[in-house]
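Scope of the values below: all heavy atoms of this structure, side chains included, with no hydrogens, waters or symmetry mates. Note on naming: letters A, B, ... go to the chains in the order of the sequence lines (proteins, then strands), and numbering restarts at 1 for each one. The model shown is predicted, which means the values in this text are computed figures rather than measured ones.
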2 protein chains.
Amino acid sequence: MARRNQHSKEALRELALDAVQRIAERDGPHIVSARKVAHEIGYAPGMLYHLFENIDDLILQANARTVMMLTDTLRQAIQRKKPINAVLAMASQYLALAQQNSRRWQLLFEHAMRNDVPVPSWYQHQTDTLFELVEQQLALLAPEKSSKDVTLAARSIWSAVHGVCLLAVTGKLDVGGPVQAPKIVESLVRHYLLGWTLEK
Amino acid sequence: MARRNQHSKEALRELALDAVQRIAERDGPHIVSARKVAHEIGYAPGMLYHLFENIDDLILQANARTVMMLTDTLRQAIQRKKPINAVLAMASQYLALAQQNSRRWQLLFEHAMRNDVPVPSWYQHQTDTLFELVEQQLALLAPEKSSKDVTLAARSIWSAVHGVCLLAVTGKLDVGGPVQAPKIVESLVRHYLLGWTLEK
DNA sequence: ACCTGAACACCGTTCAAGT
DNA sequence: ACCTGAACACCGTTCAAGT
């Protein structure tokens with residue numbers, strides 16, 4: 001038993017990455033395992049190790065798809081908007097996406113934690129793109145600021161928004177209250193930008 | 001084999017919780033397991049299940065200690081300070097603690113993710129205390145604001161600070177740069193509060 | 001060349017049985 | 001009453017061997 005070759009190596013990779021997301025969404029992110037993924041696509045567990053370095057690599061590549069989806073969505077959200085509204089739209093779109101596909105985002109957030117090894121550079125580069133999108137808008141908003149200030153502000157805003165999305169998706173935000181995550185995101189961006197633009 | 005009774009049930013609980021933190025700090029948070037903890041304190045794995053519901057309960061109780069340490073530290077940090085400086089001090093203390101004991105905080109952040117079951121109320125209550133500390137300062141800072149506004153602002157700030165601490169501890173913040181987490185935290189709190197107090 | 005399946009070293013959890 | 005140790009159902013990962 002061996003040698004079926006029904007799928008090309010590339011097709012097999014896609015199959016496996018699809019399976020990761022399907023299992024995460026159907027059964028929960030903590031259910032995803034190499035054995036489950038292999039079973040889901042009808043192969044032996046060992047096969048996966050010809051396509052991926054290890055289980056972390058597999059999940060990381062699945063998460064890279066999620067980040068790509070986010071980046072595409074945010075690019076759309078910016079269109080034709082003035083800087084402040086563009087940043088507000090990016091932030092609220094991030095939250096909306098995370099809430100709509102919460103298990104997929106839990107997989108991403110969860111995996112972001114267990115990093116003994118630093119994330120590979122190709123993944124880092126993808127997340128950098130998000131920061132750059134924010135930076136672009138901030139540069140438009142406050143042309144008089146130094147690029148150093150813009151970078152710092154972009155990281156501040158995006159880290160903050162990220163924090164809210166994470167708490168929202170993992171259910172840590174509604175401390176005896178309804179879903180007010182969108183309000184928190186808006187409050188954050190609006191007040192920060194107001195303070196930032198007025199400074200000095 | 002059985003029946004040693006060298007330790008009271010309570011002493012045994014403390015021993016186990018100490019072991020969790022020791023293993024997390026010594027070998028890394030992902031190394032912590034029921035079997036490792038039992039071995040560390042010289043008992044059989046099954047014994048732990050007389051003291052704790054399951055491995056999540058064990059880790060959660062260890063994390064509760066970390067939160068308690070944070071709360072105590074923040075209470076100290078507030079002393080004799082004006083509201084804005086108090087909030088700044090709380091935020092930077094949070095970051096400092098998380099960076100000093102990064103593996104312990106990784107254990108906390110990591111575990112916050114895998115919540116199929118919502119966190120128990122005794123734990124929720126502990127984290128609520130943190131929000132209340134921030135709320136108190138904001139109420140002093142802007143007495144004219146409604147308590148609803150204060151609550152929203154407190155959650156915004158603390159979620160944001162939490163986001164930065166999390167990214168900092170997991171090494172996701174230094175995108176081609178040095179350790180500037182403290183600057184980000186300060187920028188966040190200062191600009192948010194400036195915008196928030198000037199509003200309306 | 002491509003994939004299997006068995007093996008190894010781990011998990012969390014339960015529970016009859018020993019003292 | 002307190003704890004063990006073996007068992008069960010899982011993991012991730014490797015790799016000789018089958019086609």
**Student:** Where the side chain of A/Q21 meets the backbone of A/A62, is there a donor-acceptor pair that is under 3.5 Å apart?
**Tutor:** yes

**Student:** Within a 6.0 Å radius of atom NE2 on B/H7, are there more than 12 heavy atoms belonging to other residues, nucleotides or ligands?
**Tutor:** yes

**Student:** So, does A/K36 get its side chain near the phosphate of D/dC11, meaning an N or O under 4.0 Å from OP1 or OP2?
**Tutor:** yes

**Student:** If you compare every side-chain N and O of A/S33 against the phosphate oxygens of D/dG12 (OP1, OP2), does one of them come in below 4.0 Å?
**Tutor:** yes

**Student:** Where the side chain of B/H50 is defined as all heavy atoms beyond and including C-beta, which of C/dT4, C/dG12, D/dT4 is the nearest nucleotide?
**Tutor:** D/dT4

**Student:** Wobble G-U and Watson-Crick pairs count when both distances are under 3.5 Å; given that, what is the 5' to 3' dot-bracket string of DNA chain C, with | for pairing to other strands?
**Tutor:** ||.|||||...|||||.||

**Student:** Using a strict 4.0 Å threshold on nitrogen-to-oxygen distance, state whether A/E40 and A/R35 make a salt bridge.
**Tutor:** no

**Student:** Extract all donor-acceptor atom pairs below 3.5 Å that involve side chains of residues 70-90 of chain B and protein atoms in other chains or at least two apart in sequence.
**Tutor:**
residue : atom : partner : partner atom : Å
B/T71   : OG1  : B/V67   : O            : 2.9
B/T73   : OG1  : B/M69   : O            : 2.8
B/K81   : NZ   : B/A77   : O            : 2.8

**Student:** Side chain of A/R35 only, please: which of D/dG12, D/dA7, D/dT4 is the nearest?
**Tutor:** D/dG12

**Student:** Is the B/W105 ring parallel, tilted or perpendicular to the B/Y94 ring (thresholds 30°, 60°)?
**Tutor:** tilted

**Student:** D/dT14, OP1 or OP2 - any side-chain N/O from A/Y49 closer than 4.0 Å?
**Tutor:** no

**Student:** Do any N or O atoms from the side chain of B/N54 and from the backbone of B/D57 form a donor-acceptor pair under 3.5 angstrom?
**Tutor:** yes

**Student:** Name the closest nucleotide to the A/Y43 side chain, picking from D/dT13, D/dT4, C/dC3.
**Tutor:** C/dC3

**Student:** Taking any heavy-atom pair under 4.0 Å as a contact, classify A/L12: base, sugar-phosphate, or nothing.
**Tutor:** sugar-phosphate

